[in-house]
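In what follows, a structure is listed as structure tokens, so that the remarks can point back to it.
Worth knowing before you read on, the calculation uses all heavy atoms, side chains too, and leaves out hydrogens, waters and symmetry mates. In what follows, chains are A, B, ... by sequence order, proteins preceding strands, each numbered from 1.
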Amino acid sequence: MDKKLYITTAIPYANGAPHIGHALDYLLADIWTRYQKQNDHDVRFQVGTDEHGNKIATKAIELGTDPQSYVDKTYVNFETLIKKIGASYTDFIRTTDPHHINSVKIIWQKLQPYIYKGNYEGWYCAGCEAFVTDKEATASGGICADHQQHYQKISEENYYFKASAFTDDIKQAISNGDMQIVPEFRKKEFLELIKDGLQDVSISRPKKSLSWGVPVPDDPEQVMYVWLDALANYITVLGYPDNPEWQLYWPADIQVVGKDILRFHAGLWPAMLLGLGLPLPKKILAHGFINVGGIKQSKSLGNGVDPIQIIDEYGVDAFRYFFSRHIPTLDDGDFTWETFENAYNTELANDLGNAVQRVTGMITRYQSGVIGEIPQGEHDMGTYHKSMENLEFDKAVDEVWLMVRSLNQYIEHVKPWEIAKQIGKDAEAESHLTEVLAYAVGALLQIGDLLVPFLPDTADRIHRTFETGRIVPLEGVFFPKIYKHTTDPHTTKD
RNA sequence: CGCGGGGUGGAGCAGUCUGGUUAGCUCGGAUGGCUCAUAACCAUCAGGUCGUAGGUUCAAAUCCUACCCCCGCAACCA
């Protein structure tokens with residue numbers, strides 16, 4: 001058996017609507033997973049939801065229910081999105097799973113040598129029953145917008161995790177690449193951030209101010225705060241510590257996170273792992289944010305884009321296509337309905353869809369659907385694989401489209417329809433035509449192979465159409481034109 | 001001097017580390033060709049002071065200096 005691989009995604013807070021940022025996590029992880037599986041690796045792929053905390057408890061009370069019943073409903077929103085994207089995950093963890101809760105307690109105990117009691121001081125809103133960051137307090141002028149009251153500076157006793165103890169080890173692991181941070185500039189950014197050392201982190205709250213969470217072992221007055229509970233999911237989902245199977249998968253090969261939470265995954269989380277005596281993840285992939293028309297998505301602006309809507313209107317492969325190719329894997333990207341639809345119509349419909357269509361059309365028309373001997377596609381895939389290894393998925397897809405274009409050029413160049421006219425006049429025309437069309441099919445099949453990680457449905461359709469040596473007609477065309485957010489140029493010209 | 005990223009034809013980007021053929025690609029625009037195909041495809045053309053000002057060099061988008069502008073971050077925000 002080949003080495004077992006493991007990839008993780010961040011677990012979103014179950015209170016809230018899934019948005020495009022979450023979708024990106026799942027998509028990137030899924031592309032990598034499918035790519036590795038295509039190369040015969042065993043891949044475990046985790047997704048999940050973070051289900052503890054005050055916001056959930058408060059919301060549940062508001063709705064006249066209890067927190068557990070509430071999250072039992074809301075986590076489904078994420079599960080729906082994940083499935084809709086076609087993410088081939090193997091594990092869905094919820095932080096309210098009994099096994100997770102038990103494991104977190106054990107983890108707490110194992111980390112005992114690095115846990116101490118201290119005072120947490122910060123701006124607190126009695127209405128929210130929660131602390132806000134200094135930044136937030138300053139931005140709002142010291143007044144909570146929801147409750148129209150001043151934040152109070154209060155301090156309370158809770159437990160701290162001595163992350164600072166691991167500063168040097170973590171710095172070293174990052175610098176020497178044992179724990180690789182991708183992209184490189186994020187690595188620099190993070191090393192700069194921790195140059196004066198990691199800060200110790202508050203990992204619990206008094207029970208009176210945080211009711212919904214994992215109880216701290218041996219201290220009924222304290223409940224675990226988010227970090228330890230949530231981050232631990234990456235190993236508890238594998239069965240840590242009681243099911244030894246976790247050792248087959250840990251350390252993770254890649255942990256996919258958004259750039260905003262890189263610091264927790266590159267600092268606190270590795271510190272926890274070192275405290276447990278566990279190896280660090282091999283690679284952390286920090287992707288960027290998706291703006292809309294150059295503007296940050298926000299609830300107050302109401303300019304958020306719903307991934308479900310995109311998938312429902314254009315299909316899952318169209319979604320996967322745009323977000324893998326037109327959103328840079330390692331940097332911020334931009335979405336507008338216009339650019340999305342344009343990419344769909346020109347690249348998926350005109351370039352790829354039409355190429356498949358014209359090849360199947362000619363084979364059906366000239367050769368009654370018989371393809372004959374299909375040669376291996378001969379395009380050099382070095383750049384593609386290199387881009388995949390570097391986690392630059394956008395560049396890998398670019399490479400595939402180079403092939404699509406050159407196939408269209410090839411067809412234009414050899415003009416199969418001209419050759420067809422020579423049949424009966426020229427003795428070699430028939431075999432020449434067969435050869436040309438089979439070559440085109442070979443190219444399409446190679447394109448299909450390369451699209452497996454990105455557009456699984458499309459790849460599958462291409463294979464089914466051609467692989468038997470005889471055209472298998474499929475219902476409908478590949479990527480029919482869609483004009484929902486832009487105008488059809490052919491209806492406005494009159 | 002807080003840290004990081006960036007400013008290249010209408011839009012989005014590559015090229016900068018390792019200076020050197022006519023600054024490359026996609027979309028958009030114009031013209032032409034073709035007709036197998038989803039009024040698709042193919043070809044050609046138009047369009048750029050490579051943020052600004054200096055400097056180094058036979059030669060700079062690419063190296064050096066100064067400055068301007070934009071974006072993100074500035075730690076418990078799940």
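The nearest whole Å value for the distance from the CG atom in A/D332 to the P atom in B/G4 is 18 Å. Here B/C27 presents its C1' atom at 12 Å from CG of A/D398, a figure rounded to the nearest Å. In this entry the distance linking CZ of A/R358 with C1' of B/C42 reads 8 Å, nearest Å. To the nearest angstrom, C1' of B/A75 lies 10 Å from CG of A/L198. Rounded to whole Å, atom P of B/G4 lies 15 Å from atom CD1 of A/I181. A straight line from CG of A/L444 to P of B/A37 spans 16 Å, rounded to a whole angstrom. Look at CZ on A/F264: it is 9 Å from P on B/A74, rounded to the nearest Å. If you take CG of A/L191 and C1' of B/C73, they are 15 Å apart, rounded to a whole angstrom.
Remark: B/G72 base-pairs with B/C3. Criterion, Watson-Crick or G-U wobble with two distances under 3.5 Å. Across every strand in view, B/U31 sits in a pair with B/A43 that passes the Watson-Crick or G-U test at under 3.5 angstrom. Summarising the base pairing, B/C63 is matched to B/G55 through a Watson-Crick or G-U wobble pair whose two defining distances lie under 3.5 Å.
Using the six-membered ring where Trp is involved, A/Y114 and A/F161 have ring planes that are perpendicular, over 60° apart on the 30 and 60° scheme.
Using a 4.0 Å heavy-atom distance criterion, A/L268 is classed as making no nucleic acid contact. Residue A/F479 is in base contact, counting any heavy-atom pair closer than 4.0 Å across all strands shown. As judged by a 4.0 angstrom heavy-atom cut-off over every strand, A/G213 is placed among residues making no nucleic acid contact. Note on A/E418: only backbone sugar-phosphate atoms sit closer than 4.0 angstrom, heavy atoms only; bases stay farther off. A/P416 comes within 4.0 angstrom of nothing in the nucleic acid, heavy atoms only. Residue A/K415 is classed as having no contact, given no heavy-atom separation below 4.0 Å to the nucleic acid. Within 4.0 Å (heavy atoms only), A/D351 reaches sugar-phosphate atoms of the nucleic acid but no base atom. Using a 4.0 Å heavy-atom cutoff across all strands shown, A/I11 reaches at least one base atom of the nucleic acid.
In A/K117, the NZ atom is crowded: over 12 heavy atoms of neighbouring residues, nucleotides or ligands sit closer than 6.0 Å.
A gap of 46 Å separates the P atoms of B/C68 and B/U31, to the nearest Å. Rounded to the nearest Å, the gap between the P atom of B/G72 and that of B/C67 is 23 Å. With both ends at atom P, the span from B/U21 to B/G4 equals 32 Å, rounded to whole Å. Comparing B/G2 with B/A74, their C1' atoms are spaced 8 Å from each other, to the whole Å. When the C1' atom is used for both B/G29 and B/G6, the distance is 28 Å, rounded to whole Å. B/U44 and B/U49: their C1' atoms are spaced 27 Å apart (whole Å). Only the P atoms considered, B/C50 is 11 Å distant from B/U8, to the nearest whole Å. Distance noted for atom P between B/C17 and B/A60: 14 Å (whole Å).
The shortest distance between the side-chain N/O atoms of A/N350 and the OP1/OP2 oxygens of B/C41 is below 4.0 Å. A sub-4.0 Å separation between OP1 or OP2 of B/C77 and a side-chain N or O of A/Y225 is present. Between A/R325 and B/G12, a side-chain N or O to OP1/OP2 separation shorter than 4.0 Å is absent. For B/A74, one of the phosphate oxygens OP1 or OP2 lies less than 4.0 angstrom from a side-chain nitrogen or oxygen of A/R263. At the phosphate of B/A43, OP1 or OP2 sits under 4.0 Å from a side-chain N or O atom of A/Q409. Checking the phosphate oxygens (OP1, OP2) of B/A37, a side-chain nitrogen or oxygen of A/R365 falls inside 4.0 Å. At the phosphate of B/U26, OP1 or OP2 sits under 4.0 Å from a side-chain N or O atom of A/R405. Remark: A/K481 is in phosphate contact with B/A40, judged by side-chain N or O atoms under 4.0 Å from OP1 or OP2. One finds a side-chain N or O of A/K188 lying less than 4.0 angstrom from the OP1 or OP2 phosphate oxygen of B/G5.
If you check B/G5, B/C36, B/C76 against the side chain of A/S202, the one that comes closest is B/C76. Closest contact between the side chain of A/V226 and the listed nucleotides B/C27, B/C41, B/A78 involves B/A78. Side chain of A/F185, nearest nucleotide from B/A75, B/C27, B/G4: B/G4. Out of B/C36, B/U26, B/A78, the shortest distance to the side chain of A/M362 is found at B/C36. Here the nucleotide nearest the side chain of A/Q357, chosen from B/A37, B/C27, B/G4, is B/A37. With distances taken from any side-chain atom of A/N408 to the nucleotides B/C34, B/C76, B/C41, the minimum falls on B/C41. Closest to the side chain of A/I194, from the set B/C76, B/C42, B/A75, is B/A75.
Between A/D72 and A/R94, at least one side-chain nitrogen of the basic residue sits less than 4.0 Å from a carboxylate oxygen of the acidic one, meeting the salt-bridge criterion. Salt bridge A/D398/A/R325: present, at least one basic N to carboxylate O contact under 4.0 Å. For A/E392 and A/K395, the salt-bridge test passes: some basic side-chain N is under 4.0 Å from an acidic carboxylate O.
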(request) With ring pair (Phe, Tyr, Trp, His ring centres under 6.0 Å) as the test, would you mind laying out the steps for A/F335 and A/F322 before giving the verdict? (result) CA-CA 9 Å; A/F335 174 91; A/F322 185 84; 5.7 Å; yes
(request) Apply the test side-chain contact (heavy atoms from CB on, under 4.5 Å) to residues A/Y225 and A/L210: give CA-CA distance (whole Å), side-chain angles for both, the deciding distance (0.1 Å), then the verdict. (result) CA-CA 8 Å; A/Y225 186 56; A/L210 176 63; 4.3 Å; yes
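In terms of position on RNA chain B, the residue among A/N342 and A/E189 whose nearest nucleotide sits closer to the 5' end is A/E189. Of the two residues contacting RNA chain B, namely A/E412 and A/G361, the nearest-nucleotide position lying further toward the 5' end is that of A/G361.
Residue side chain A/N354 reaches the base of B/A37 through a donor-acceptor N/O pair under 3.5 Å, judged by distance alone.
Taking the centre and axis of the six-membered ring of A/F289, the NZ or CZ atom of A/K259 falls inside the cone set by 45° and 6.0 Å.
Between A/Q222 and A/P206, the closest side-chain pair of non-hydrogen atoms falls below 4.5 Å.
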